[in-house]
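A quick note: this is a predicted structure, and the numbers were derived from the prediction, not measured. So that the names make sense, note that chain A is the first sequence line, chain B the second, and so on, each numbered from 1.
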Amino acid sequence: MADSVVVPAGTTAADAVAAAGLPRIGPRAVVVVRDPSGRLRDLDWAPELDTEVAPVTIDSPEGLAVLRHSTAHVLAQAVQDLFPEAKLGIGPPIENGFYYDFDVEKPFQPDDLSKIEKRMQQIVKAGQTFRRREYASAEQAKMELAHEPYKLELVDIKGDVDAAEVMEVGHGELTHYDNLDSGGERVWGDLCRGPHLPSTRMIPAFKLMRSAAAYWRGSEKNPQLQRIYGTAWPSRDELKAYLTRLAEAERRDHRKLGSELDLFSFPDELGSGLPVFHPKGGVIKREMEDYVRARHIEEGFQYVGTPHISKEGLFHTSGHLPYYAETMFPPMSMEGSDYYLKAMNCPMHNLIFRSRGRSYRELPLRLFEFGSVYRYEKSGVIHGLTRVRGFAQDDSHSYVTREDAPHEIEHLLTFILSLLRDFGLDDFYLELSTRDPKSDKFIGSDEQWETGTRVLEEVAVASGLELVPDPGGAAYYGPKISVQARDAIGRTWQMSTIQYDFNQPARFGLEYQAADGSRQEPVMIHAAKFGSIERFLGVLVEHYAGAFPAWLAPVQVVGIPIRDDHGGYLEEFAARLRREGIRIEVDHSTDRMQKKIRTAQQQKIPFMAIAGDDDVTGGTVSFRYRDGSQRNGVPLDEAIAHVVEVVRSRVNTGPSAA
RNA sequence: GCCCCUGUAGCUCAGUUGGCCAGAGCACUCGCCUUGUAAGCGAGAUGUCGUCGGUUCGAUUCCGACCGGGGGCUCCA
């Protein structure tokens, strides 16, 4: 692919692209060009001077966005063909696809989507041309758009909007894209800053995915529009691959696997977002907790315990109540006090710090617990284990001197990453959440925010990991770093957070005595490693698709006798493994061994230990692993050593004979 | 919280255009079979058709409210 081509004055970019011999169709088709100012231009753009431009192919990130936005236009045209009363909202490209918002009398039904999709296919086939047209003035635009109230609103705000989401306006000018049929007749059009594909025929593969409601311009004060989501790709194969990825994600859904593997459930009787862990899920949860607790203690944390409820004064002191009252469960009144279920642990840890005088010699003081917290999440956001109303935070608070804060944060980040790696996640990036200076949600002085943000940023940069800014994403009391982890199929999950807090130590009057005898205020560093045990368990279920590493697996070995009378032999084997702390069961059911293998396979048990006449005679067992591989006739001592080794090493792959 | 969809056996799902005892597969129980690497054969048991109310001679089916679940929006200390 040529890096650049020159478009001679008065000719179109398309001509230059063609002259350079670059493809106009196919999976690497050039769909737009980038001009020297960095702006993307349509292929029928004709500069007034000779201009060097960079061709942009349909499979590049920018090319994909153009493809998807053009497909969104086709969607809007199809909707207005079928529902002439539909008013247009916005229709930007998004990750893997696009959406378009409509104001319609009746929300779209699944039937409607297939009708719309069919109409879109006709439009694509018709090969309509996208033609750019500039409005002479805002007044002219308003006249033409008189019947589109939402577009009118956009004309008024012009380019003064979030550029990524609003494709309609920008670059300080008002433009329109008309769709022309093969006879050059205008059949449809939309306010849009562009650019677009040259023709609808260049949309190789698309599919409508779902419809949902969305607030106009993202505010719940505004009316709700009906949003249709779709996806579009440079080839049918890529569309198919994308749909396969979605199916794979569905196959890994922890809610489904959780019930199939008998790990946890959400009894209606308890209420939404309140999980119970069954014995098998309990094993995983306990293994996680035991390991994480041990690692914390190794790293100098001290395990503490605090209650689930507290009088309200505590949350006034901490400053949480004014900010989060709506997402805390309502208080219960007893003996003249209002008690709240706790939604965060830090205030209670502060009380532990404050319980006696502290010396600089004790710092950093690191308190840690699995604190049960309850948050009244809105009913619409509750989702499996990843968004619940009651959960255990693996929460720690490090109290340090101001000077020592960078070192402590570095220590925490290193610790967190090693912990995540221990559980098999090893692809990370960091996000730095800072305050929005325009919002009054944040408390503390500019100087405090600058200090905290700088300290976090320096540590994040030093880690060498990719760092993504998240302006306005901080908690009200301080900036934070969060660790985002990619799972086995490339999805990212926000895991750990580290927060720099200069606020609570002051509110609680925390102090320690320094070497010079003066009283000083510590800085507090909040750190949640998994965020919530429940959520991390859900993430692990999806990451491993339910096939947990041997050290976490609820049942690590299942003994499968070939005939009933081999069961006793396997029980002896099992007894020896149990003495080593291995979780083993022998399948004495009346099923035949092929069925037992299938059952163990479906339960994703790491080791199947099979024994028949040959094994009993030879003093061996035969392993079958989850991947179907086998190791037959393994002497008992060796078999036991093998299982114990795999479990104790905490390897996150296998086991396998391969 | 808002919008749309949805709730039938432990699980996955049929079904009833309002009407006698509501069905299948898997799982479960009991028999038979005694078996070498992903489902042996047979029999049996299983449901106030999410809950409460309304319409109706009659509701699992229609309507409403509530409680769950799903997809989004908004939110996420």
Asks: Considering only B:G40, B:G1, B:A77, which nucleotide approaches the side chain of A:Q499 most closely?
Replies: B:A77

Asks: Taking the six-membered ring for Trp, are the ring centroids of A:Y100 and A:F98 within less than 6.0 Å of each other?
Replies: no

Asks: Is the base of B:A77 touched by the side chain of A:T327 through a donor-acceptor pair closer than 3.5 angstrom?
Replies: yes

Asks: Using side-chain heavy atoms (C-beta onward) and a distance below 4.5 Å, is A:H383 in contact with A:E377?
Replies: no

Asks: Pick the P atom in B:U12 and in B:C75, then give their distance to the nearest Å.
Replies: 33 Å

Asks: How long is the span from the CD atom in A:E312 to the CG atom in A:L321, to the nearest 0.5 Å?
Replies: 6.5 Å

Asks: May I ask which nucleotide in the shown strands pairs with B:U37, Watson-Crick or G-U wobble, both distances under 3.5 Å?
Replies: none

Asks: Partner of B:A24 by Watson-Crick or G-U wobble geometry, both contacts under 3.5 Å, or none?
Replies: B:U12

Asks: Name the pairing partner of B:C62, where a pair is Watson-Crick or G-U wobble with both distances under 3.5 Å, or state none.
Replies: B:G54

Asks: Among B:A77, B:G36, B:C75, which is the nearest nucleotide to the side chain of A:R387?
Replies: B:C75

Asks: With the side chain of A:I610 defined as its heavy atoms from C-beta on, choose the nearest nucleotide among B:C73, B:A77, B:U37.
Replies: B:U37

Asks: Give me the distance, rounded to whole Å, that separates B:U51 from B:G47 when you measure between the P atoms they each carry.
Replies: 14 Å

Asks: Would one find a side-chain N or O of A:K596 under 4.0 angstrom from OP1 or OP2 of B:A38?
Replies: no

Asks: Check every strand shown and say whether A:G218 touches a base, only sugar-phosphate, or nothing at a heavy-atom separation below 4.0 Å.
Replies: sugar-phosphate

Asks: Taking C-beta and beyond as the side chain, do A:K342 and A:F315 meet within less than 4.5 Å on heavy atoms?
Replies: yes

Asks: Which comes earlier along RNA chain B counting from the 5' end, the contact point of A:G380 or that of A:Q601, where each point is its nearest nucleotide?
Replies: A:G380

Asks: Mind checking the P distance from B:A38 to B:U29? Whole angstroms is fine.
Replies: 24 Å

Asks: Could you walk me through whether A:R366 and A:E408 satisfy the salt bridge (Lys or Arg N to Asp or Glu O under 4.0 Å) test, starting with their C-alpha distance in whole Å, then the side-chain angles of each, then the deciding distance to 0.1 Å, before giving a yes or no?
Replies: CA-CA 10 Å; A:R366 304 181 175 114; A:E408 181 66 10; 2.7 Å; yes

Asks: So what does A:Q226 touch, heavy atoms closer than 4.0 Å: a base, only the sugar-phosphate, or nothing?
Replies: sugar-phosphate

Asks: If the C1' atom of B:G7 is compared with that of B:G50, how far apart are they to the nearest Å?
Replies: 6 Å

Asks: Do A:H526 and A:M344 have side chains that approach each other closer than 4.5 Å (heavy atoms only, starting at C-beta)?
Replies: no

Asks: Using a 4.0 Å heavy-atom cut-off, does A:K480 contact any base of the nucleic acid, only the sugar-phosphate backbone, or nothing at all?
Replies: sugar-phosphate

Asks: Given atom CG of A:L257 and atom C1' of B:U12, what is their separation to the nearest angstrom?
Replies: 15 Å

Asks: Would you kindly give the CG-to-C1' distance between A:D587 and B:G36, to the nearest whole Å?
Replies: 15 Å

Asks: Heavy atoms from C-beta onward define the side chain here; which of B:U35, B:G71, B:C73 lies closest to that of A:H383?
Replies: B:G71

Asks: A:A213 has a side chain; which of B:U34, B:G72, B:G36 sits nearest to it?
Replies: B:G72

Asks: Could you state the CZ-P distance from A:F108 to B:C5, rounded to the nearest angstrom?
Replies: 13 Å

Asks: Kindly say if A:H566 contacts the phosphate of B:G36, meaning a side-chain N or O under 4.0 Å from OP1 or OP2.
Replies: no

Asks: For A:D591, report the nucleic acid contact type (base, sugar-phosphate, nothing); a contact means any heavy atom under 4.0 Å.
Replies: nothing

Asks: Determine the contact category for A:S272: base if any of its heavy atoms lies under 4.0 Å from a base atom, sugar-phosphate if only primed atoms, P, OP1 or OP2 are that close, otherwise nothing.
Replies: sugar-phosphate

Asks: Is it the case that A:D487 and A:W493 place a side-chain donor and acceptor less than 3.5 Å from each other?
Replies: yes

Asks: Counting side-chain heavy atoms from C-beta on, which of B:C4, B:C73, B:G70 comes nearest to A:V381?
Replies: B:C73

Asks: With a 4.0 Å limit, can you tell me whether A:R210 has a side-chain N or O closer than that to the phosphate oxygens OP1/OP2 of B:G72?
Replies: yes

Asks: Under the 3.5 Å rule, do the base of B:C73 and the side chain of A:R227 count as making a donor-acceptor pair?
Replies: no

Asks: Within the modelled atom types, does a donor on one side and an acceptor on the other bring the side chain of A:Y215 and the base of B:G1 under 3.5 Å apart?
Replies: yes

Asks: Looking only at N and O atoms, is any donor in the side chain of A:R592 or the base of B:U35 less than 3.5 Å from an acceptor on the other one?
Replies: yes

Asks: Give A:D613 one of three labels, base, sugar-phosphate or nothing, depending on what nucleic acid heavy atoms sit under 4.0 Å from its own.
Replies: base

Asks: Pairing check on B:U29: which nucleotide meets the Watson-Crick or G-U wobble criteria with it, both distances under 3.5 Å?
Replies: B:A43

Asks: Between B:C76 atom P and A:E534 atom CD, what is the distance in whole Å?
Replies: 21 Å

Asks: Given B:A77, is OP1 or OP2 found less than 4.0 Å from the side-chain N or O atoms of A:Y374?
Replies: no

Asks: Is it the case that A:Q499 and A:D501 place a side-chain donor and acceptor less than 3.5 Å from each other?
Replies: no

Asks: In this structure, how many angstroms lie between the P atom of B:A77 and the CD atom of A:E377, rounded?
Replies: 9 Å

Asks: Please state how far atom NZ in A:K256 lies from atom C1' in B:G69, giving the value in whole angstrom units.
Replies: 16 Å

Asks: For atom C1', what is the distance between B:G23 and B:U60, given to the nearest Å?
Replies: 13 Å

Asks: Any stacking of A:Y477 on B:A77, going by centres under 5.5 angstrom and planes within less than 30 degrees?
Replies: no

Asks: Where the side chain of A:R624 is defined as all heavy atoms beyond and including C-beta, which of B:C75, B:U37, B:C4 is the nearest nucleotide?
Replies: B:U37

Asks: On RNA chain B, nearest-nucleotide positions of A:R598 versus A:M344: which is more 5'?
Replies: A:R598

Asks: Looking at A:K595, does any N or O in its side chain come under 4.0 Å of the phosphate oxygens OP1/OP2 on B:A27?
Replies: yes

Asks: Answer with base, sugar-phosphate or nothing: what part of the nucleic acid does A:A343 contact at a heavy-atom distance below 4.0 Å?
Replies: base

Asks: Between B:G69 and A:D268, counting only base atoms on the nucleotide and side-chain atoms on the residue, is there a donor-acceptor pair under 3.5 Å?
Replies: no

Asks: Scan A:S622 against the nucleic acid and name what it touches under 4.0 Å (heavy atoms): base, sugar-phosphate only, or nothing.
Replies: base

Asks: Side chain of A:Q594 only, please: which of B:G36, B:A77, B:C73 is the nearest?
Replies: B:G36

Asks: Please determine, for B:C76, whether a Watson-Crick or G-U wobble partner exists with both distances under 3.5 Å, and give it or none.
Replies: none

Asks: Can you tell me, in whole Å, how much space there is between the P of B:C49 and that of B:C20?
Replies: 13 Å

Asks: Taking the ring of A:F623 and the ring of A:H642, is the distance between their centroids below 6.0 Å?
Replies: yes

Asks: Could you tell me whether A:F266 contacts a base, only the sugar-phosphate backbone, or nothing, with contacts defined as non-hydrogen atoms closer than 4.0 Å?
Replies: nothing

Asks: Short question: side chain of A:Y476, backbone of A:G319 - any donor-acceptor pair under 3.5 Å?
Replies: yes

Asks: Just compare B:C73, B:A77, B:C2 and give me whichever is closest to any side-chain atom of A:Q224.
Replies: B:C2

Asks: How many Å lie between CG on A:D101 and C1' on B:G71, as a whole number?
Replies: 15 Å

Asks: Could you tell me how far B:G64 sits from B:C5 if I compare only their P atoms? Round to whole Å.
Replies: 11 Å

Asks: Rounded to whole angstrom, note down the P distance from B:A9 over to B:C13.
Replies: 12 Å

Asks: Between C1' on B:G69 and CD on A:E269, what's the gap in Å once rounded to a whole number?
Replies: 14 Å

